[in-house]
Every structure is written in structure tokens, then in C-alpha cells.
Amino acid sequence: MPSGEYDPETVESKWQDRWVDEDTYAYAEGGVDPDTAFSIDSPPPTVSGSLHWGHAYGFTLQDFVARFERMRGENVFFPFGFDDNGIASERLTEEELDVRHQEYDRREFQQMCREVCEQYEAEFTEKMQQLGISIDWEQTYQTISPEVQRTSQLSFVELYDEGREYRQRAPAIWCPECETAISQVETEDDEQASHFHDIEFDVVEGEESFVISTTRPELLPACVAVFVHPDDDDNQHLVGEEARIPLFGQEVPIIEDERVDLETGSGIVMCCTFGDQTDIEWYQAHDLDLRIAIDESGTLTDVAGEYSGLSSEDARERIVSDLDDAGALLDKRAITHTVNVHERCGTSVEFLVKDQWYVELLDKTDEYLEAGRQMDWYPEKMFTRYKNWIEGLQWDWSISRQRSSGIPFPVWYCGECEHVVVAERESLPVDPLSDDPPVDACPECGHDEFVPEDDVFDTWATSSLTPLINAGWDWDSETEETVLDRPELYQFDLRPQGHDIISFWLFHTVVKCYEHTGEVPFDSVMINGMVLDENREKMSKSKGNVVSPDEVVSKYPVDAARYWAAGSAVGDDLPYSEKGLRAGEKLIRKLWNASKLVEGLTDDAPEEFDHADLRAIDRWLLAELDDQIETVTAKLENREFSKARDGLRSFFWHTFCDDYLEIAKGRARDGDASAKYTLQTAHRRFVKLFAPVLAHVTEELWREMYDEGSVHRAAWPEPLGLEADFAAGETAMAVVGALRKYKSDNQLSMNAELDRVQVWGSVQGFEDDISGVMHVEELETLDEEPQIESVVTGVDLDYSLVGPEFGAQVPDIEAALEDEAYDVVDGELHAAGVELAPEMFTIEEERKYVGEGEMLEAGDAVVIVQHGD
RNA sequence: GGGCUCGUGGUCUAGUGGUUAUGACGCUUCCCUUACAAGGAAGAGAUCGGUGGUUCGACUCCGCCCGAGCCCA
């Protein structure tokens, strides 16, 4: 029995505990009909300690869907994955244990990661449960687990067998300090002091020479081309010639390309293997030679001739001084420029050439685009991001990462002929660094020594398999094919994703799963925006504007946070808002207080009541609620949480509490069965309708008032199918509103008695309700319009009809109306030489009451109040 | 630099060719009415980022400009 004030602190944690203890959200395993399974493929968050808004917000939106679908009778599969296979977890482990991963072999280090992450997983789980997310905690996985490693390697083997993967030498971003390859997203720009060296190059044919400016003279031995901008008229004649590199002597082509920056240096630029990103682009675009002059420890190679063996620092000094001696160094000046550095250690990155594995994409982009088109996108506009990403693809997907921790490639190479030997499917997962290859001798050349691949998979190569991990995809050695352990889950009904990461994560997942199953993995995709701070700026540690979910939930009810989270159109960013949270708190309190009242009024309410005997206002309320149910259901189906929330809130607060409840409470106290039945029926339905968003308070109310089971397992309400006179109801409420305003304007209390009220308008069946709630002694409905003098004040046109009919004549008609140069003849409006049909206009008039009492306008109705003195 | 998205009262937000532009928060005034004063009633407050164009008619469609965000370079 709800009583006193609502105490969210106690109530919310009570239900969170019970939901977990009672397995309220358990997925019913075994023989599930695919039609009634509703599966969510929630992207596993990186487990690195703290839970941030990205997690909390994304999962709250998923939870709205999960709870809604569950109540509609779906068997909801809402799993949770811990992504502890990434760089973040590697760093976490190193920091926590004060070790370096290089000091351990891979399996040992992974074991350490697993142990460290376990504590964080537990913390993470607890925090997710504190947010009331209806995850089935029996359905979890860790991306570092042997099972997931097996899935990842199986995916690799399958794609390799299908000819979708190949190995090629390609540039990798390398941190010489950490001695590891890093991805582009781990680099950042940094302003650094450096020097420009103006170096003279000779043209091979003839006497001419030109100058290039470089900050990295030590790359001269790696120079493979020289570039001139197409708009550079002064140097255009050089294009097609060859240049000779000072000191090193190699001859390289001079090529035209618009990526040359005319503003910097001399406008002529050398291209090396590899100085920067542009060098890589040029290498790929112009099919240039490779001259690898610097190795992974930053030491010059044989390509650098006499400078071989020097560190790049030392080599730079020597080369600069030798250039000077040779007269080729024309100038040296200090500058600052932007360099690409590793975000973790600040070291400038190098570009190395490595053998890497690729998944072929470019040949099937049309299919992948079509796959994306087959999914429902919420919001629809996000499909264009997917589309742009695919259409803009220029390279296949590199899945090699030169790190020591991660999931290893299940591959060995013949020590003699480099033939690729892939692990047997049955034996997965393997680690080639510890395990033997499946053959004793090379099938190609018979050689019996193998070199293990020591790279690991790109993290997306694993993250992109979550639908397959969740559906239990595996190799069946009996039938020799891949099978799904839980086929009913696939395709997944819902894939949630942050909009910042659609291109990486979602795209790769669609591609991988599509390749493995021939099917699009998702029926629908729901894209969520970012949580911004109160000033609409992105939260970041460096700005110091981060508000953590923990802080919020300790200050506000979780349901208030959920209410706030439902406040943006899906896909739009959501600004953090204390106001939004307070509005949520207010709604919770209103719902609680109204529930207390309903409870007090309906203890002996009839379970059943013949709808034909319902009083007009009760019938009207239930019919309006029918409409509201249809609206809320449609909004939730379309993931329009904000509209569902606001529509329901407004209907509950204003129509139910302010209008109906005020009237019905008097009747219910007088023992009116129709009112009691209606109050209880409507209230039950409200509790259910609010349940997906206000998960905790509705559970408390439901179990206190209606049922021992969870509201989250109760059936979503269906419309009762009642007919009612909506117009009369609306008019009656307008009359009540007008009377309230009258009392307010006349500084009367709301329960002040009114002597006599006359109503002209259709309020049949509502008369007693009006007089009851407004304390009217005598209420009379008029059959004839009261003594009113009407003054025509103008004519209103219905432009949606007049516009298409009269087009360019409309301004003339308007001018005629303005000048009052019109007539109404037989209901038609004659103006500016044309005749307008009756439905095209309305005569606007001001009504003046000349009889006794005061006239009020109440929608279509007219109300006359006669009140003492 | 390229692509995408967005710009509506002080703040957040609804509104994709046709009323007086929606609602919430905040603000002002009034009202203790036995569920709730953390409530109720009323009110003020917007030239819909700017500028051209299409149209009888533009917050809505198109061009350009300005500003913000995201992704890619």
C-alpha cells in the first residue's frame, strides 16, 4: 500500500536486488520460437574502470526497448559483453600490476589481464544493475575469453578459406618508444620546434637544379620521388624529369600531384618511405618504389649506405653536416610545425612497412550497401553515414596489429617458401607462439620449420563478431560446417550504437556477419547521440566538465535519470540537465501521490463492470486512454522515447490528474462503482505504460497495489475499444477550465460555491460532474444561444483550400477582405470577383453578452456565471 | 580541406508547404482546494541563425553565408 512520501533510495535498490535475485529478466532458453524472441546485440563496453555516460545512456535506451518488448510478450535476450581485449585493458593491467607486457609471454599476460579485469567487471556489473538495466546477467561474455578467441580465429579461418583475406606489405604506424604498432586513432597532433633544411637537388638531364625544404634530412636515403603542384607554373617544366638525390645518388621521378602544399617551404616536396601520411598516399597512388631506410628501432638500414647503423638523430646531424660540406645545404632555419605523436607517450610516430593481413571489402561494397539498406535505421537519417562510409572506402580492411597482447592470428609460415599454414578449426584457439602448426612439413615445399605469425587481430576484428558470439556460432566437426547454437536469436532484432562509431563498429559487424551467414545481422539499428554537458559541450577530462553517472544517481532517483535520458530524439545528442532530472523527480512524485489517492478510493472497486453502464465521463476517460495507449505504443515501436514520454506525462498529469481525478474522487467517495472501476482500470494501465521508463516506481506501485509478479512481466495494455462522445468530454473539460479561470480571476478559492451557471454547448452527461467539481449550486444547459450580440471582426480563410483553388488571386481576395469589400450570399463569400465555398472561410466574430451575469468562452461552448454580490 | 548532421522564447524542445508556432524548466501574479504548495490557476516572453530564391503562401523546399557538433583527411 503506497503511503507517505516516495523513498527512491530504499525502493530502487530493493528492486534492483530482487530483479537480479529473482532472474526477472532471464532469457527463456530452449526451443524459443524465433518470432517471439527479441534479441539485442548490445556492443560490449571497454572495461577500463569507470562507467561513463556513453555506457549509461546507450544502455538506458536499450532498456526502454527491452522492457517494452518484454511486456508485449517477447522473450527478450538482453546480454552483456565485457570488452577486455583492447589496449585499454592492456594498459590497465600494466598500471595495476606495475609490469610491461613485453616481459611476459602472451598467454601469461592475457591471464594477468583476465584477473585484473575481473575486479572491474564486477564493479561494472554492479553499476549497470544500479541503473536498473534489465540485462540477463546469465548471458555475459568476455572478449578475452578462450571462447571468444576461438570465435575470432574461426572467423579468420573461414574468411581465409573463402579467399576473402590476403596478406600484403603495407605501412604501419609505429611508436619507436613503445615498440608497438598503433592505430591512427591513437595518434594526436603536436606542435613541435624543428628546422627547415633547404637542400639543392639536381635534375638528371641538363644543368638545372631546384630546392626542397625538409624537416627530416635523414630521410634522404628513403626518397623515392619529388612532387610538384599542378598549379605551380614556375616548376611545371620539371614534371617528367628525374632528380638526383644529394649524397645518396638515387634518381627519382618528378611527378605532379595536387596534394603538394604550395604554402610550405619551396613548394616542391620530396616523398620518402615513409615520412608521413602523405608519403603513404603518394606511394599508393603513384605506385612508387619502397626504400626502407629506418627500421623499427629507429636505426638506419643498409639502404642508407655509410650512414647505416646510426640512430636517426645521429644520422640527421651527419647528413646535414655532409650536405653542408657538399654545398647542397642552402639554408637552415627554425620553425614550429605539427607532428603526429603517439598520444600515450608523446613520441613522434614512424611509418614502417610490414606484412599485414587484409579482409577484402572493395569488391563487394555494393552488397554491403544493400545489406545496410535492409536494416531499419532509427533515426533513418543515420543510414547516410553508413552509406557515405562505404562509398568513401579506399582501402581494404587491415586486421593486423603488431602488438604482443590481443588475439593471435592462427597462422604459421613455412621457413623456406613462406607458404601460409592455418590452424585446424577443431584446435582453436591456438597461439602460434606457443603451439605447433598442424603439419609437420610444408605442404608446398616439404620444409619442416615454421615461423609463427606474431601479430594479433585488430580489436574490430573481434568486436565485429558479437552477434555470432551471442548466437553461439561455432564449428561443428561432425557435420563440418558452422552452426548457430541459438539460431532463433539471429538476425538480431536490435543493434544499438553510438553515432560516433557507426563507421568502425557497426559497419565491420555487418560485413563480417554477412560474410559468415549470408544474412544481414540486424533487423534494426538504433543510433544514440552523445551526452554533452549543460553547455552542450562534449564532456572531457581535460575540460573538467565530466559529470559521472555515479554522481547523478547518488543525487537523484535512477528513474529521474531514466526520464531525462528519454528526453532527446533518438540519435540526437543529449545535454546533461539538472532541470531534466528534477522534472523526472516531479513526475515520479506526482505518480506516487496520485497512486496513493487512487488506492484510497478504490479498495472495494469492482473487478468487472459492464462498459455499457459506465457514466459518460468515465467512458470518456477510458476512451481517451485507449487513444493514448495506441499513441504511446506507436511511439515506442518507432523508438520515439521522448514523444512517448511527453505525451504520456501530459495526458496523465493534465487529463487524468487535473481534469478527471478531481471530478471522480468526489463520486468515488460517495461509493460510485463506475468511478471506482474507472479509476482503478485507468491507474493500472498508467502504471504499465510508465513502466519502461520509470522502471522502479512502477514496480513498487504494481506489486503494492495489484500483483505479486513484476510489472515488467505484465502484459502491455491493449485498448478496451470503448466508444465515447469525445466532443462532449472536451467541451465539459473546457467549461470546467473556464470556471476555474473565473474563480482564479475573481480571487475565489477553488471550492467556493457558484450560485448559478448556464452552459450553451454540448456537455450531455457531464452536467453533474461539472457542477460537482466546481461547486455549482444550479447548473442549467441552454437550448438556445444566450442573449449575445455578435460583431463581425473579420474573415478567416482556410488557405489549404483557398490557395490551391485561387492561386495568384489570393492577395486580391485578402485585400478585398481587408477593405471589407465583400458580401456573404447564400453562405458563399463574394470578394474580388470570385466566390468562395462555405468550407473555405469562417466569419470571425466577437461575442458580447448583454444579459445578466458574466459570459465566459469555453472552446465551442458559452458559459454564463451568476455569482452573488 | 571533404562529407554528414544541426541552428525555434532566457534554457531545453515539438513542428518537413497552409491557424494565433508545441510543450517543459525558469520568471511574474493569484490560490493552503483533506493525493501532491516539490501542488493548482492565470500571465509575460520568439522578426523560427543570416541572406537571396522558388511559391498565392516558407520554421518547413533550394542557393550562398555565419555558427556548433561528429566522422574522414
Side-chain angles (χ1 to χ4, degrees), chain A residues 2-6 184-185 258-259 261 277-278 280-281 379 381-389 391-394 498-504 507 527 529-530 532 534-538 563-564 567-569 571-601 640 642-643 645-647 649-650 653-654 657-658 661-662 665-666 669 736-752 773-775 796-814 840 842 844:
Chain A
S3 62
E5 287 198 7
Y6 180 57
Q184 171 116 50
V185 295
E258 60 191 14
R259 279 165 280 203
D261 181 4
Q277 287 286 0
T278 318
I280 294 167
E281 284 179 40
K381 64 186 178 191
M382 287 297 174
F383 174 68
T384 54
R385 295 210 180 182
Y386 179 91
K387 184 164 172 274
N388 290 338
W389 168 259
E391 290 175 345
L393 273 183
Q394 289 175 39
H499 72 57
D500 55 335
I501 207 165
I502 294 173
S503 43
F504 281 106
F507 171 74
I527 304 300
M530 304 289 110
L532 308 175
E534 294 212 76
N535 302 313
R536 288 201 142 270
E537 284 178 37
K538 201 174 176 175
Y563 173 89
W564 157 72
S568 262
D572 283 4
D573 290 341
L574 176 70
Y576 174 72
S577 154
E578 298 262 347
K579 288 169 191 164
L581 291 161
R582 268 184 251 121
E585 259 186 313
K586 281 170 72 172
L587 177 60
I588 295 164
R589 197 174 301 120
K590 188 76 179 178
L591 179 58
W592 180 261
N593 287 326
S595 300
K596 273 198 303 191
L597 176 60
V598 170
E599 170 81 9
L601 296 171
E640 294 174 294
S642 179
K643 288 180 186 174
R645 180 194 83 164
D646 293 346
R649 176 191 180 279
S650 161
W653 201 303
H654 299 118
C657 293
D658 294 343
L661 195 45
E662 286 299 328
K665 67 183 178 188
R669 286 191 180 116
V736 171
L739 291 173
R740 279 211 189 101
K741 181 165 159 47
Y742 173 84
K743 289 187 174 179
S744 179
D745 289 348
N746 291 281
Q747 304 191 354
L748 297 168
S749 71
M750 284 300 145
N751 59 356
V773 72
M774 281 292 107
H775 302 268
D796 246 3
L797 296 178
D798 182 346
Y799 285 94
S800 63
L801 297 173
V802 177
E805 177 76 25
F806 296 102
Q809 290 171 292
V810 170
D812 297 339
I813 299 171
E814 284 172 330
M840 289 182 173
T842 35
E844 238 180 29

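Atom set for the values below is all heavy atoms of this structure, side chains included, hydrogens, waters and symmetry mates excluded. Fair warning: this is a prediction, and the values are worked out from it, not measured in the lab. Residue numbers begin at 1 in each chain, while the letters A, B, ... track the order of the sequences.
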ask   = Minimum heavy-atom separation for Ser568(A) to Ser642(A), with atom names?
value = O-CB, 3.8 Å
query = Can you tell if the side chain of Leu601(A) reaches within under 4.5 Å of the side chain of Arg669(A), non-hydrogen atoms only?
reply = yes
ask   = What integer number of Å spans the P atoms of G7(B) and A44(B)?
value = 27 Å
message = Would the distance check show the side chain of Asp573(A) and the main-chain N or O of Gly529(A) forming a donor-acceptor pair, the cut-off being under 3.5 Å?
response = no
remark   = Tyr576(A) meets the side-chain hydrogen bond (donor to acceptor under 3.5 Å, both in side chains) criterion, sequence neighbours left out, with Glu578(A)
remark   = Rounded to whole Å, CG of Asp798(A) lies from C1' of G57(B) at a distance of 13 Å
task = Sugar-phosphate atoms are those with a prime plus P, OP1 and OP2; base atoms are the rest. Using that split, label each nucleotide of nucleotides 12-17 of chain B B, S or - for protein heavy atoms under 4.0 Å, 5' to 3'.
result = SSSS--
ask   = Among pairs that include at least one residue of residues 579-591 of chain A, which meet salt bridge (charged side-chain N to carboxylate O under 4.0 Å, His left out), considering only residues two or more places apart or in two chains?
value = none
Any residue meeting side-chain hydrogen bond (donor to acceptor under 3.5 Å, both in side chains) with Glu662(A), in chain and number order, not counting sequence neighbours = Lys665(A)
request  = Round to the nearest Å and state the distance from Leu797(A) atom CG to U20(B) atom P.
outcome  = 10 Å
Rounded distance in Å between the P positions of C59(B) and G67(B) = 24 Å
query = Could you give the CG-to-C1' distance, from Leu801(A) to U19(B), as a whole number of Å?
reply = 13 Å
inquiry  = Taking only the P atom of each, what is the distance from U13(B) to C6(B) in whole angstrom?
reply    = 13 Å
If you restrict it to nitrogen or oxygen atoms, what contacts under 3.5 Å exist between nucleotides 52-56 of chain B and the protein, and what is each distance?
| residue | atom | partner | partner atom | Å |
| --- | --- | --- | --- | --- |
| C56(B) | O4' | Gly807(A) | O | 2.9 |
| C56(B) | O4' | Ala808(A) | N | 3.3 |

request  = Rounded to whole angstrom, note down the P distance from C32(B) over to A24(B).
outcome  = 24 Å
key: For atom NZ of Lys579(A) and atom P of G9(B), their distance in whole Å   = 13 Å
ask   = How is Lys743(A) classified with respect to the nucleic acid when contacts are heavy atoms under 4.0 Å: base, sugar-phosphate, or nothing?
value = nothing
Partner residues of Arg385(A) under the side-chain hydrogen bond (donor to acceptor under 3.5 Å, both in side chains) criterion, sequence neighbours left out = His499(A)
Residues which pass side chain to side chain contact (heavy atoms under 4.5 Å, CB included) with Asp798(A), listed by chain and number, not counting sequence neighbours = Ser800(A), Leu801(A)
key: Lys387(A): side-chain hydrogen bond (donor to acceptor under 3.5 Å, both in side chains) partners, not counting sequence neighbours   = none
request  = Indicate yes or no: at least one non-hydrogen side-chain atom of Asp658(A) is less than 4.5 angstrom from one of Trp653(A).
outcome  = yes
request  = Using a 3.5 Å limit on both pairing distances, list the dot-bracket string of RNA chain B from the 5' end; Watson-Crick and G-U wobble pairs count, crossing pairs take [ ], interstrand pairs take |.
outcome  = ((((((((.[[[..)..(....]]].(((((.......))))).....[[[[[..)....]]]]]))))))).
message = Parallel, tilted or perpendicular: which one describes the rings of Phe507(A) and Trp389(A), with boundaries at 30° and 60°?
response = perpendicular
request  = Would you please name every residue forming a side chain to side chain contact (heavy atoms under 4.5 Å, CB included) with Ala569(A), sequence neighbours left out?
outcome  = Asp572(A)
request  = With C1' as the reference atom in both, quote the distance from C61(B) to U54(B) in angstrom, rounded to an integer.
outcome  = 8 Å
task = Could you grab the distance from atom CZ of Phe383(A) to atom CG of Asn388(A), nearest 0.5 Å is fine?
result = 9.5 Å
Interatomic distance at C1', A46(B) relative to A41(B), whole Å = 24 Å
inquiry  = Work out how far the P atom of G9(B) is from that of G15(B), and round it to whole angstrom.
reply    = 16 Å
request  = Between Met530(A) and Thr384(A), name the one whose nearest nucleotide on RNA chain B is closer to the 5' end.
outcome  = Thr384(A)
request  = Kindly indicate whether the side chain of Val810(A), heavy atoms from C-beta on, has any atom under 4.5 Å from the side chain of Tyr799(A).
outcome  = yes
ask   = Rounded to whole angstrom units, what separation is found between the CD atom of Glu391(A) and the C1' atom of C4(B)?
value = 12 Å
request  = Take the protein atom CE of Met382(A) and the nucleotide atom P of G3(B), then report the distance between them rounded to whole Å.
outcome  = 18 Å
query = Mind checking what makes ring-ring contact (aromatic ring centres under 6.0 Å, His included) contact with Phe806(A), not counting sequence neighbours?
reply = none
Write down the protein N/O and nucleotide N/O pairs, taken from nucleotides 30-40 of chain B, whose separation is under 3.5 Å; answer none if there are no such pairs.
| residue | atom | partner | partner atom | Å |
| --- | --- | --- | --- | --- |
| A35(B) | OP1 | Lys665(A) | NZ | 3.4 |
| A35(B) | OP2 | Arg669(A) | NH2 | 2.6 |
| A35(B) | N6 | Glu662(A) | OE2 | 3.2 |
| A35(B) | N3 | Asn593(A) | O | 3.4 |
| A35(B) | N3 | Ala594(A) | N | 3.3 |
| C36(B) | O4' | Asn593(A) | ND2 | 3.3 |
| C36(B) | O2' | Asn593(A) | ND2 | 3.4 |
| C36(B) | O2 | Lys590(A) | NZ | 3.0 |
| C36(B) | N3 | Lys590(A) | NZ | 3.1 |
| A38(B) | O2' | Arg589(A) | NH1 | 3.2 |
| A38(B) | N1 | Arg589(A) | NH2 | 3.3 |
| A38(B) | N3 | Arg589(A) | NE | 3.2 |
| A38(B) | N3 | Arg589(A) | NH1 | 2.6 |
| A38(B) | N3 | Arg589(A) | NH2 | 2.3 |
| G39(B) | O3' | Lys590(A) | NZ | 3.4 |
| G40(B) | OP1 | Trp653(A) | NE1 | 2.1 |

note = To the nearest angstrom, the CD1-P distance between Ile813(A) and G57(B) comes to 13 Å
Distance in angstrom units between Phe504(A) CZ and C70(B) C1', rounded = 12 Å
request  = Please measure how far the C1' atom in A73(B) lies from the corresponding atom in U16(B), and state the result in whole Å.
outcome  = 33 Å
